[in-house]
*Asks:* 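Mind looking over this structure? Questions follow.
Every number for a ligand or one of its atoms is a count from 1 in the order of the listing. Both backbone and side-chain heavy atoms feed into the values below; hydrogens, waters and symmetry mates do not.
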Amino acid sequence: MQDKEKNYSQLKKLALASGACLFGVADIEPLKKDFIDISPQSLKDLKYGISLAFRLSDKIIEDIQDHPTHLYLHHYRQVNYLLDRLALKISSFIQNQGWQSLPIPASQTIDWEMQKGHLSHKKIAVEAGLGWRGRNNLLVNPQFGSRIRLVSILTNLPLRVDKRMERDCGNCFRCVEACPAGAIKERREDFDWLACFEKLRWFRKKYNIAHYICGICIKACPGNIHLTKL
Ligand code: SF4
Ligand code: SF4
């Protein structure tokens, strides 16, 4: 137990000093069945998922009006690179102590049809207590809202596990009103993936944005500012 706590504090300190704004740990056993393109052999001993978040620039997000900007496109890419480097740093630190560690790419699509990566960083973040799944289908943290991006590292290093945050969007509907595709509904389960994706495809073509991104529901969800008004 002492080792778990010590390892947790050591990694958290390193992650925050390296630029992460949030750190948490989840038990990944119940989530493994949904991981793709990672061999069972590689996953066998990995029991913990470390979830890290990096805070997006408010200025860049606030600059988005009714479509994704090139400033946001650049930011999105740079934050993904930074998250990958962060995961690599933590992973290497764990490995050098004699434990196993698997950094998962921050943004790499494996299954194009289903638009899936190796695993859901959001699911790990929820289990690691970083926030809840909002109506906009993104992770929402009380302090930063949806203005964060995530990465995960899987490991067998003994770590203390965090608790889920028992909160939800409550009476807030800002992103529902803001979404230009009408994809965000009252219940997250009703989120219209297809309508969202069609809008991203349209943005990509119309504004020559080399990614399927939008940013409008991220802008609508800034954290503290409006959550305190619920
Ligand atoms: S803007 Fe409000 S409703 Fe939408 S995800 Fe954020 S907190 Fe939830
Ligand atoms: S990314 Fe854009 S289109 Fe998709 S749900 Fe958010 S606001 Fe709507």
*Asks:* As an exercise, identify every atom of ligand 1 less than 4.0 angstrom from a heavy atom of Cys175.
*Replies:* 1 (S), 3 (S), 4 (Fe), 5 (S)
*Asks:* Please determine whether a side-chain nitrogen of the Lys or Arg among Asp162 and Arg160 lies less than 4.0 Å from a carboxylate oxygen of the Asp or Glu.
*Replies:* yes
*Asks:* Could you give the distance from NZ (Lys199) to NZ (Lys206), rounded to the nearest 0.5 Å?
*Replies:* 9.5 Å
*Asks:* From the options Trp202, Phe197, Phe203, Tyr76, select the one residue that forms a ring pair (Phe, Tyr, Trp, His ring centres under 6.0 Å) with Tyr212.
*Replies:* Phe197
*Asks:* Under a heavy-atom criterion of less than 4.0 Å, does Phe197 contact ligand 2?
*Replies:* no
*Asks:* Measuring from Ser146:OG to Lys122:NZ, what's the distance to the nearest 0.5 Å?
*Replies:* 9.0 Å
*Asks:* Using ring-ring contact (aromatic ring centres under 6.0 Å, His included) as the criterion, list what pairs up with His67, not counting sequence neighbours.
*Replies:* Tyr207
*Asks:* I want to check something: taking the side chain as every heavy atom from C-beta on, are Ser101 and Leu157 in contact at a cut-off of under 4.5 Å?
*Replies:* no
*Asks:* Numbering the atoms of ligand 1 from 1, which are under 4.0 Å from a heavy atom of Val140?
*Replies:* 5 (S)
*Asks:* Let's test this: below 2.8 Å, count the protein N/O/S atoms around atom 2 (Fe) of ligand 2.
*Replies:* 1
*Asks:* Please report the C-alpha distance between Val25 and Tyr48 in whole Å, then the side-chain angles of each, then the deciding distance to 0.1 Å, and finally whether the side-chain contact (heavy atoms from CB on, under 4.5 Å) criterion is met.
*Replies:* CA-CA 7 Å; Val25 176; Tyr48 304 100; 4.1 Å; yes
*Asks:* For ligand 1, which atoms have a heavy atom of Cys169 less than 4.0 angstrom away?
*Replies:* 3 (S), 5 (S), 7 (S), 8 (Fe)
*Asks:* Find out whether Arg147 and Arg55 are in side-chain contact, i.e. whether some heavy atom of one side chain is under 4.5 Å from a heavy atom of the other.
*Replies:* no
*Asks:* Please determine whether the number of non-hydrogen atoms from other residues, nucleotides or ligands lying under 6.0 Å from atom OH of Tyr81 exceeds 12.
*Replies:* no
*Asks:* Could you list the atoms of ligand 1 found under 4.0 angstrom from a heavy atom of Asn136?
*Replies:* 5 (S)
*Asks:* In terms of atom number and element, which parts of ligand 1 are under 4.0 angstrom from non-hydrogen atoms of Ala220?
*Replies:* 1 (S)
*Asks:* Would you mind running through ligand 1 and noting each atom that sits below 4.0 Å from a heavy atom of Cys221?
*Replies:* 1 (S), 5 (S), 6 (Fe), 7 (S)
